[in-house]
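Here is the naming used below: chain letters follow the sequence lines, and residue numbers restart at 1 for every chain. What you are looking at is a predicted structure, and each value in this text was computed from that prediction instead of being measured.
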2 protein chains.
Amino acid sequence: MTGQTRFNSWQAVHDEVLRRIREREWKPGDSIPNEDDLAREFGCARSTVNRALRALADAGLLDRRRRAGTRVALHPVGKATLDIPVIRREIEARSQRYGYALQSRQDAVPPGPVRAVLNLGPDARAQHVLALHLADGRPQAIEDRWINLATVPQAADADFAKVSANEWLVDNATYTHGDITFSAQSATAAEAALLGVDAGAALFVIDRTTWHHDDAVTTARLAYAPGYRIQTRI
Amino acid sequence: MTGQTRFNSWQAVHDEVLRRIREREWKPGDSIPNEDDLAREFGCARSTVNRALRALADAGLLDRRRRAGTRVALHPVGKATLDIPVIRREIEARSQRYGYALQSRQDAVPPGPVRAVLNLGPDARAQHVLALHLADGRPQAIEDRWINLATVPQAADADFAKVSANEWLVDNATYTHGDITFSAQSATAAEAALLGVDAGAALFVIDRTTWHHDDAVTTARLAYAPGYRIQTRI
DNA sequence: TTGGCTATTATGTATGCACATATTAACCTG
DNA sequence: CAGGTTAATATGTGCATACATAATAGCCAA
């Protein structure tokens with residue numbers, strides 16, 4: 001009764017294991033057979049099974065531990081991977097005309113929270129850029145950004161009137177890791193005026209900070225006009 | 001000049017390639033050496049290089065095509081993977097007391113948009129569940145859900161007063177794929193009353209729909225109380 | 001020139017083997 | 001029986017090899 005169907009690709013094994021999990025043949029918390037046994041059952045090499053199970057573990061459906069074996073995740077954590085595109089490309093992808101308008105740009109002492117995030121001393125200055133991104137001429141997002149000149153000194157000479165700080169940094173500053181927060185916030189009066197909406201409107205806000213090793217590179221707040229949404233499949 | 005440092009693990013290769021991308025030794029758009037050459041340079045097997053490059057491609061840093069080779073992604077699409085937890089676990093993870101309050105539950109004809117998403121006929125009925133999730137007694141999120149009884153008939157008998165539809169579905173209905181949207185929306189009067197906030201407050205909203213193959217399972221709207229945010233690292 | 005065939009090339013994947021490593025179970029030893 | 005040592009086990013990874021597959025380049029013929 002064993003060898004009718006052959007699962008000789010890691011995709012096939014992946015799909016079959018996934019099926020067994022979904023059909024509750026293997027229930028959450030259950031230990032599943034080890035790789036050797038599965039390889040024998042599926043008629044393939046252990047490395048093939050390994051790759052399939054690894055993919056499922058990456059997706060959060062399996063918990064694997066050496067010696068302890070593999071078991072079906074107790075709480076199938078839904079993981080969604082979403083793309084954080086450069087705003088211009090996001091707008092152009094919708095076949096809209098991208099526009100960019102620098103509002104202000106100055107060397108200044110950042111407010112406390114920003115100073116803390118950038119790990120700056122109380123009197124240290126940073127480059128502040130406030131700009132508007134437009135889609136077909138309509139305000140799409142406000143970019144409120146602070147750039148750490150200690151980490152990216154060239155930013156002092158960049159021409160943020162032509163290219164957005166967003167894009168300039170992508171091309172001119174590398175980062176090793178970052179941190180993104182998504183939230184909903186009511187538009188302040190200033191933001192409402194810039195975006196051309198009523199004060200208090202619900203804005204989708206993305207806060208992002210990036211570091212190069214231990215040095216903070218930049219921290220930015222992107223406040224999107226009402227109607228903006230991020231979508232993904234799982 | 002070749003063999004001083006050895007990169008004999010896929011992690012080491014991964015890190016070295018990543019370094020070269022970040023340090024702009026290999027610039028966006030550049031073609032990088034093929035796997036065989038890299039294997040020779042790094043003093044390891046091609047499969048080791050393959051695994052490293054595959055990981056970087058998954059992360060969006062490399063574009064790979066058969067025969068065409070591997071090149072550094074032109075627009076390093078930032079991909080963020082974020083966890084979509086079950087609300088109860090999310091609250092408990094913050095060491096808060098989880099509470100759940102069913103508001104209403106009925107068999108009804110869903111409104112047009114929901115009907116469209118669930119792919120139901122004009123007179124078809126579905127199970128509607130409205131509930132409140134509480135953290136330390138304070139309203140945390142409103143769950144407004146429609147369940148397709150054609151796909152999940154057992155939902156008609158479930159006791160949504162005790163266990164949230166959210167969790168009941170995790171345990172009782174499987175899905176093959178889904179679709180998630182994040183947005184910011186102003187609280188309606190009804191929502192504001194339920195959450196105990198001012199009408200018009202900015203709410204973080206997650207809309208999720210899941211399917212089992214071609215059959216829609218459920219569609220839900222989770223509106224979070226102000227202050228809620230989703231965070232992740234990149 | 002056009003259209004299609006073919007060879008080439010780089011990635012994609014399967015396999016069998018070996019060894020590494022984390023973790024647990026079993027076994028001592030005092 | 002406590003506590004530590006050792007063996008057993010499942011996953012993790014590396015390697016060499018082979019073949020599969022996609023995409024291109026080059027060629028040839030109508």
Side-chain angles (χ1 to χ4, degrees), chain A residues 2-18 20-21 26-74 76-77, chain B residues 2-18 20-21 26-74 76-77:
Chain A
T2 55
Q4 40 228 28
T5 326
R6 291 289 294 266
F7 298 92
N8 47 341
S9 84
W10 73 268
Q11 281 283 0
V13 173
H14 173 279
D15 292 349
E16 171 61 12
V17 172
L18 185 56
R20 294 188 187 178
I21 295 172
W26 292 337
K27 303 192 185 62
D30 281 4
S31 230
I32 77 174
N34 69 39
E35 296 186 345
D36 270 320
D37 290 346
L38 285 176
R40 219 166 300 125
E41 182 193 339
F42 292 143
C44 66
R46 183 171 80 91
S47 27
T48 305
V49 173
N50 181 282
R51 172 138 187 211
L53 297 189
R54 197 153 35 79
L56 288 164
D58 286 345
L61 284 152
L62 291 177
D63 284 332
R64 322 193 69 198
R65 271 168 53 223
R66 281 174 164 160
R67 160 84 216 216
T70 301
R71 48 187 59 223
V72 180
L74 219 38
V77 183
Chain B
T2 54
Q4 40 229 31
T5 326
R6 291 288 295 264
F7 299 92
N8 46 342
S9 84
W10 74 267
Q11 282 282 2
V13 173
H14 173 279
D15 292 350
E16 170 62 11
V17 172
L18 185 55
R20 294 189 186 179
I21 295 172
W26 292 338
K27 304 192 185 63
D30 280 5
S31 235
I32 76 172
N34 70 38
E35 297 186 347
D36 269 320
D37 290 345
L38 285 177
R40 218 166 301 125
E41 182 192 338
F42 291 144
C44 66
R46 183 170 79 91
S47 36
T48 305
V49 173
N50 181 283
R51 172 137 186 211
L53 297 189
R54 198 154 34 81
L56 287 165
D58 286 346
L61 283 153
L62 291 177
D63 285 333
R64 321 194 70 198
R65 271 169 52 225
R66 280 176 162 156
R67 157 89 213 212
T70 301
R71 48 186 58 224
V72 180
L74 217 39
V77 183

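Contacts between chain A and DNA chain C, taken as any atom within less than 4.0 angstrom of a protein heavy atom, begin and end at C/dT13 to C/dA25. With a heavy-atom cut-off of 4.0 Å to chain B, the contacted part of DNA chain D has its first and last nucleotide at D/dT13 to D/dA25.
Of the residues in residues 8-17 of chain A, none has a non-hydrogen atom less than 4.0 angstrom from any atom of DNA chain D. A heavy-atom distance below 4.0 Å to DNA chain C is reached by none of the residues of residues 32-39 of chain A.
For the pair A/I32/A/V72, a side-chain contact is recorded, criterion being any heavy-atom separation below 4.5 Å from C-beta on. Between B/F7 and B/V17, every side-chain heavy-atom pair lies at or beyond the 4.5 Å cut-off. Within the 4.5 Å cutoff, no side-chain heavy atoms of B/L56 are placed close to those of B/T70.
Across all non-hydrogen atoms, the minimal contact from B/V49 to B/C44 is CG2-SG, 3.7 Å. Nearest heavy-atom pair across B/H14 and B/A52 is N-CB, 3.6 Å. A pairwise comparison of heavy atoms in A/A73 and A/P28 identifies O-CB, 3.5 Å as the closest pair.
Across all strands, A/R46 comes closer than 4.0 Å to base atoms (heavy-atom distances). At the heavy-atom level, B/T48 lies under 4.0 Å from the strands shown only through sugar-phosphate atoms.
Each of A/G43 and B/T70 lies near DNA chain C, and the nucleotide nearest B/T70 is the one positioned closer to the 5' end. Each of A/L53 and A/R67 has a nearest nucleotide on DNA chain D; the 5'-most of these lies closest to A/R67.
Sorted by first and then second residue, the salt bridge (Lys or Arg N to Asp or Glu O under 4.0 Å) pairs involving residues 50-70 of chain A (not counting sequence neighbours) are A/E35-A/R64.
With rounding to the nearest 0.5 Å, the separation of CZ in B/R71 from CG in B/D30 is 8.0 Å. Here the straight-line distance linking atom CG of B/L74 with atom NZ of B/K27 works out to 13.5 Å at 0.5 Å rounding. Here the CG-CG distance, from B/L53 to B/L61, works out to 11.5 Å after rounding to the nearest 0.5 Å.
Under the salt bridge (charged side-chain N to carboxylate O under 4.0 Å, His left out) criterion, A/D15 pairs with no residue at all, not counting sequence neighbours.
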